[in-house]
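Side chains included, hydrogens not; waters and symmetry mates left out as well; all remaining heavy atoms used.
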Amino acid sequence: MALASINGLDSAVSNPKNGIAPAAGGGGVSDLRSEFLQMMVAQINNQDPLNPLDGTQYVTQLAQFSMVEGIEQMKMQAQQQATLLDTLQVLGSTSLMGKKVTVPVQSISLASAESLSGTIPVPAGTEQLSLEVYNHSGQRVHQQEWRNPAGDQDFSLAELPAGEYEFKVVASRKGESLSLSPHMARTVEKVSLPAGGGDIMLGLAGVGQMSLFQVTEFGQS
């Protein structure tokens, strides 16, 4: 006599990524195990003495339950560890409040007059590098060029009045032009984690929201 199977168990074992969807008002694997044991007892009580049930089928089914339960526990532990890691990252990021971090910047909004400085990561083989700064009216307020730069090219700007500015950096090599972003140190004013999950976001003075993973260097206050 064949042992009746429990719906969902075989598919869960063959494809553990899917897990077992809890039945209505049920608890997933635990309810399936209880259902299986009740069915097993009922079949034993009503088995045909001339065609008894094969005990190895019970062992196989119980082993499958143990396997699925182990997978479910591993998934739960992985989710708990991920949550803990996110929490630790948020707690660690709060220590950045009031300190400066270096990030790629394409535009900036100055609340007051400020002298800006930073670095430009230069691609290997660059023959010419140019930096241009434009105000909110599209007027160029700064221009600087370097020939055969190498490594990180430092730059500094004379004091700019309050306002919005856009940076345009172009590297030329072998007749090809590459658009780059200058890297500047800005003060962290806010640390937040999106409600729907995702990267930790830093609110940077004059720059706005940027992902923690866009930071290229951590500085001091």
**Q.** Test side chain to side chain contact (heavy atoms under 4.5 Å, CB included) applied to Leu96 and Leu212, step by step
**A.** CA-CA 10 Å; Leu96 296 175; Leu212 173 66; 4.0 Å; yes
Q: Starting from the C-alpha separation in whole Å, work towards a yes-or-no answer on side chain to side chain contact (heavy atoms under 4.5 Å, CB included) for Val122 and Asp152.
A: CA-CA 6 Å; Val122 181; Asp152 291 342; over 6 Å; no
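Rounding to the nearest 0.5 angstrom, the gap separating the NZ atom in Lys168 from the CD atom in Gln106 is 12.5 Å. Rounding to the nearest 0.5 angstrom, the gap separating the OG atom in Ser109 from the CD atom in Glu166 is 13.0 Å.
With contacts defined as side-chain heavy-atom distances shorter than 4.5 Å, the pair Pro121/His183 qualifies. Phe218 is not listed as a side-chain neighbour of Thr102, based on a closest heavy-atom distance of 4.5 Å or more. In this structure, the side chains of Leu202 and Gln209 stay at 4.5 Å or more apart for every pair of heavy atoms. Residues Glu145 and Gln128 meet the side-chain proximity criterion, which asks for heavy atoms closer than 4.5 Å. By the 4.5 Å heavy-atom criterion applied to side chains, Leu129 and Val169 are counted as neighbours. In this structure, Tyr134 and Val141 have side chains that are not in contact, with every pair of non-hydrogen atoms separated by 4.5 Å or more. Using a 4.5 Å heavy-atom cutoff, the side chains of Thr126 and Asn148 are not in contact.
For Ser211 (side chain) and Phe213 (main-chain N/O), a donor-acceptor pair under 3.5 Å exists by modelled atom type. Proximity of a side-chain donor or acceptor of Ser156 to a complementary backbone N or O of Ser117 within less than 3.5 Å is not detected. Using modelled atom types, no side-chain atom of Arg140 and backbone atom of Glu132 make a donor-acceptor pair closer than 3.5 Å. The backbone N or O of Gly70 lies less than 3.5 Å from no partner atom in the side chain of Gln73, so there is not a single donor-acceptor pair. Not a single donor-acceptor pair under 3.5 Å links the side chain of Asp199 to the backbone N or O of Met201. In this structure, Arg186 contributes its side chain and Leu204 its backbone to no donor-acceptor pair below 3.5 Å.
Annotation for Met74: atom CE does not count as buried by contact number, only 12 or fewer foreign heavy atoms lying within 6.0 Å. Around atom CD of Glu127, more than 12 heavy atoms belonging to other residues, nucleotides or ligands sit under 6.0 Å away. Within 6.0 Å of the CD atom in Gln214, the count of heavy atoms belonging to other residues, nucleotides or ligands exceeds 12.
Ala158 approaches Ser115 most closely through the heavy-atom pair C-OG, 4.2 Å. Here the shortest heavy-atom pairing between Phe155 and Thr119 reads CE2-N, 3.5 Å. When every heavy atom of Ala171 is checked against every heavy atom of Pro123, the shortest pair comes out as CB-CD, 4.3 Å. Between Asp154 and Trp146, the shortest heavy-atom contact is O-CZ2, 3.8 Å. Looking at every heavy atom in both residues, Arg173 comes nearest to Ala124 through NH1-O, 2.7 Å.
Considering Ile120, Leu157, Leu180 in turn, Leu157 is the only one that fulfils the side-chain contact (heavy atoms from CB on, under 4.5 Å) rule with Phe167.
Electrostatic pairing of Glu217 and Lys99 does not count as a salt bridge here, judged by no charged N lying under 4.0 Å from a carboxylate O.
Under the 4.5 Å side-chain heavy-atom criterion for ILVMFWY residues, no single connected hydrophobic cluster contains both Val170 and Met184.
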